[in-house]
Amino acid sequence: MIRFATAIFLSAALFTTCRNVGRSPLVLESDIWVAIDSDSVRISDPAGSDSARPSLEFFSDGQLTGYTSCNSFFGNYTTWKADSIARIDITIEGITMALCPDNLIEHEYVDRLDRAFSYTVRDRRLSLRDSTGATLLLFVPASETHKSHR
């Protein structure tokens, strides 16, 4: 009986531990996030094409994928709380190499992702910030952008 109880306890502990491995403690996986312009950041195509808007999708296992407005990329991310600040570390591991002449949006977007230090999610808006607290990128859920065009 003791073996059975020990096996149940260890199985439950292992299940709980494995379930939390790689999970973000702060929910970002709710939708695909589409970059939008803000007062301090212009990220959209001057032609106004929504299909060219950069995007980002977080997965619960710490992986991410995205679109730069020309190329697709993949990588990983880690989030944690530090001094009541929601911290984030984003690493781009690979990116497609389509020719995108003079695509300044792509270069700026990848650079800003690399500099992300913290984030907030308020009113269905994701804001990535640098180490000084300045907004690097602002996102809305893709489901909201599609609704506005119907």
Side-chain angles (χ1 to χ4, degrees), residues 11-150:
S11 295
L14 181 60
F15 176 74
T16 302
T17 303
C18 289
R19 190 178 63 200
N20 291 326
V21 171
R23 286 210 36 100
S24 166
L26 306 164
V27 178
L28 292 172
E29 305 93 18
S30 62
D31 209 330
I32 295 172
W33 296 96
V34 177
I36 60 170
D37 294 332
S38 68
D39 293 337
S40 58
V41 179
R42 175 129 181 105
I43 201 73
S44 66
D45 181 356
S49 170
D50 279 342
S51 63
R53 286 189 177 273
S55 63
L56 191 57
E57 184 173 10
F58 297 95
F59 298 96
S60 62
D61 64 356
Q63 300 297 304
L64 60 82
T65 62
Y67 179 68
T68 66
S69 75
C70 178
N71 285 290
S72 298
F73 64 88
F74 67 92
N76 57 58
Y77 73 101
T78 306
T79 61
W80 68 99
K81 282 273 200 177
D83 299 323
S84 72
I85 296 173
R87 294 281 315 272
I88 190 165
D89 182 46
I90 295 174
T91 303
I92 305 298
E93 294 180 353
I95 189 167
T96 59
M97 301 298 288
L99 272 178
C100 307
D102 302 324
N103 192 333
L104 299 176
I105 293 171
E106 177 174 72
H107 300 294
E108 185 68 18
Y109 180 64
V110 171
D111 177 62
R112 287 172 184 262
L113 288 174
D114 186 51
R115 293 187 299 145
F117 179 83
S118 66
Y119 74 97
T120 58
V121 179
R122 288 195 187 107
D123 301 324
R124 297 192 45 83
R125 300 289 186 264
L126 166 64
S127 176
L128 295 180
R129 300 175 186 279
D130 68 13
S131 60
T132 68
T135 300
L136 291 168
L137 294 164
L138 188 60
F139 298 85
V140 296
S143 58
E144 284 188 17
T145 62
H146 295 308
K147 289 178 186 173
S148 65
H149 295 294
R150 287 186 185 161

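All values below come from the heavy atoms of this structure, side chains included, with hydrogens, waters and symmetry mates left out.
- The backbone N or O of N71 sits nowhere less than 3.5 Å from a side-chain atom of T96 that would complete a donor-acceptor pair.
- Side-chain atoms of D61 come within 3.5 Å of backbone atoms of Q63 as a donor-acceptor pair (strictly under, hydrogens ignored).
- Residues passing the side-chain contact (heavy atoms from CB on, under 4.5 Å) test with I32, sequence neighbours excluded: S55, E57, A142.
- Annotation: the span from W80 atom CH2 to R87 atom CZ amounts to 4.0 Å, rounded to 0.5 Å.
- Between the OH atom in Y77 and the OG1 atom in T91 there is a gap of 12.5 Å [rounded to 0.5 Å].
- The closest donor-acceptor contact from the side chain of R53 to the backbone of V34 lies at 3.5 Å or more, if one exists at all.
- Side-chain atoms of F58 and I88, non-hydrogen and from C-beta on, do get closer than 4.5 Å to each other.
- Nearest approach of E106 to C70, heavy atoms of both residues: OE2-CB, 3.8 Å.
- Judged as a side chain to side chain donor-acceptor pair (under 3.5 Å), and not counting sequence neighbours, the contacts of D31 are S143.
- A distance of 13.0 Å separates OG of S72 from CE of M97, quoted to the nearest 0.5 Å.
- Looking at D114 and I92, their side chains never come closer than 4.5 Å, going by heavy atoms from C-beta outward.
- Here D111 pairs with R115 under the side chain to side chain donor-acceptor pair (under 3.5 Å) rule; sequence neighbours left out.
- The side-chain contact (heavy atoms from CB on, under 4.5 Å) check on S131 picks up F117, with sequence neighbours excluded.
- Listed by chain and residue number, T68, I95 satisfy the side-chain contact (heavy atoms from CB on, under 4.5 Å) test with V110 (two or more places apart in sequence, or in another chain).
- Checked against side chain to side chain donor-acceptor pair (under 3.5 Å), D89 has no partners two or more places apart in sequence or in another chain.
- For the residue pair T135/R129, the side-chain donor-acceptor check at 3.5 Å is satisfied.
- A heavy-atom distance below 4.5 Å is not found between the side chains of W33 and L137.
- Under a 3.5 Å cut-off, the side chain of D130 and the backbone N or O of T132 do form a donor-acceptor pair.
- Taking every heavy atom of both residues into account, I90 and A116 meet most closely at CD1-CB, 4.2 Å.
- How far CG of L126 is from OH of Y119: 8.0 Å, rounded to the nearest 0.5 Å.
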